[in-house]
2 protein chains.
Amino acid sequence: MTETNDQDAALRIASGRKPFVEPLRLGERLREIRLANQWTLEDVSQRTGLARSTLSKIENDQISPTFTAVQKLISGLGIDLPQLLSPPRQQARTTGRRDLTRRGHGELHPTPTYEHELLSCELAQKRMIPFKTIVRARRFEEFSEWVRHDGEEFLMVLEGEILLYTEFYEPLQLETGDSIYFDSAMGHALVSTSDEDAVVLSVCTRGEAA
Amino acid sequence: MTETNDQDAALRIASGRKPFVEPLRLGERLREIRLANQWTLEDVSQRTGLARSTLSKIENDQISPTFTAVQKLISGLGIDLPQLLSPPRQQARTTGRRDLTRRGHGELHPTPTYEHELLSCELAQKRMIPFKTIVRARRFEEFSEWVRHDGEEFLMVLEGEILLYTEFYEPLQLETGDSIYFDSAMGHALVSTSDEDAVVLSVCTRGEAA
DNA sequence: GGCGCGAGTTCACTATAGGAAACAGGTTTT
DNA sequence: AAAACCTGTTTCCTATAGTGAACTCGCGCC
């Protein structure tokens, strides 16, 4: 079948590249996805436009699909490429961590303008940072400068009303239950506009591999 | 064929899965990389083991490379697949996007057990998926199988009370205001235990580049 | 100018991927 | 229990990806 010829290997090694042509059990993975969704080959055929036979061969590693075929797969199955390729390692993680925070039992971090309550701070390695904030600030002038940090932020108003100032937009009035998603590298700041100090829930993404 | 479990479906929809048949200028991208490194076709041929002619045709979109060919490319050039596919390089950062969702104006995705309301679904490329859920389920048996998906999930109870079933732990009672963070690859399922259906806010991480 | 040389492209051929249909178990129908 | 059906595999055949050789163009050189 697909035999990597010796010369290729030699060249690759000589050029100081990793000698591995990672096995990349694509067929295996495809079958996994298919069965997980309880699809038959025919179902997948309908979705992707590839012949039943072709799919069978791909699953059994009898052929190496064309890139266009791979595209049909990912668009037809509604998955993305990393998802199609990554499963083996994802499986290795089998993590089952969890971190409970009872109401009012987060870690408090008061500042002049905000009163933060960090949630789920037991967990060390996580990709999101959730926290509840009581917005003490009442006027934009109370902020010495824009709040900004890498990544993205999601925010929902739990109680009261706020005014969201952002660097590139007009101030936005948010009522209880409203939510917003924004790039947090853009300067931002919150002030309460309700009688009581507003409470908001925020979730920020964590630093990434650029 | 059974539809995928609820949250997966929600995630897929949220991930901007349009019928778009991404043109995916792979050839263009390859040439870009090659020239950036000042490699000739011959150089790349040596590194990858693919014929000069083949590389030429790939760069000019005259053929659609086999998946094995793509593997030779990525291993030979020492790049990874996402890198090869994400030509418009996310380098265009410092963005200032935002996406407001007024209370009750999210995108509804009802299922037998959950009633999802996707928030901030205007934004296409984002790293978190926030949604509000009314938990209709009352008994664990209403779920045909565990809900699970890659990544991590943060969840806060906004109204009512729920019981959180997870694959590796005892069921956990959560009251209004309680929150939890967990690996969502671990099977999980929610049921309401209050008189009224409970409402929870969830934020999931998105698939990442391996 | 002719000549050599190294870049990319094109040609002609072989290897292989993709598709239609036939085949081989199973399961359900009658 | 045969018939009708599904599902996945296998068999051809055609379309196309991959290859080495031939070709083309540009550039420097004496």
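The side chain of B:Lys57 lies closest to C:dT10, out of D:dA17, C:dG19, C:dT10. Counting only heavy atoms from C-beta on, B:Gln62 has its side chain closest to C:dT10 among C:dG19, D:dG8, C:dT10. Closest to the side chain of A:Ser56, from the set C:dT10, C:dT9, D:dT10, is D:dT10. Here the nucleotide nearest the side chain of B:Ser53, chosen from C:dG18, C:dC11, D:dG8, is C:dC11.
A:Asp61 places its CG atom 13 Å from the P atom of D:dT10, with the value rounded to the nearest Å. Between the CG atom of A:Leu41 and the C1' atom of D:dT9 there is a distance of 9 Å, given to the nearest Å. Summarising the geometry, the separation between CG on B:Leu55 and P on D:dA17 is reported as 15 Å, rounded to the nearest angstrom. Atoms CG (B:Leu50) and P (D:dG20) sit 10 Å apart, rounded to a whole Å. Rounding to whole angstrom units, CZ of residue B:Phe67 and C1' of D:dT16 are separated by 19 Å. As rounded to whole Å, 15 Å separates atom C1' of C:dG18 from atom CG of A:Asn60. Atom CD1 in B:Ile58 sits about 12 Å away from atom C1' in D:dT19, given to the nearest Å. The CD-P distance, from B:Glu42 to C:dG8, rounds to 9 Å in whole Å.
At the heavy-atom level, B:Thr54 lies under 4.0 Å from base atoms of the strands shown.
A 4.5 Å side-chain heavy-atom check between A:Val157 and A:Glu161 finds every atom pair outside the cut-off. Contact check for A:Ile129 versus A:Leu118: side-chain heavy atoms found under the 4.5 Å cut-off. In this structure, the side chains of B:Glu159 and B:Asp197 stay at 4.5 Å or more apart for every pair of heavy atoms.
Using a 4.0 Å cut-off, some side-chain N or O of B:Arg31 falls inside it from OP1 or OP2 of C:dT9. The side chain of B:Arg34 places no N or O atom within less than 4.0 Å of a non-bridging phosphate oxygen (OP1 or OP2) of C:dA7. Contact annotation: B:Ser64 does not reach the phosphate of D:dA17 (side-chain N/O to OP1 or OP2, under 4.0 Å).
With 3.5 Å as the limit, one finds a donor-acceptor pair spanning the side chains of B:His116 and B:Thr133.
Using the six-membered ring where Trp is involved, B:Tyr181 and B:Phe154 have ring planes that are tilted, between 30° and 60° apart.
Residue side chain A:Lys72 does not reach the base of C:dG18 through any donor-acceptor N/O pair under 3.5 Å, judged by distance alone.
Sequence order on DNA chain C of the closest nucleotides to A:Arg52 and A:Ala69 puts A:Ala69 first from the 5' end.
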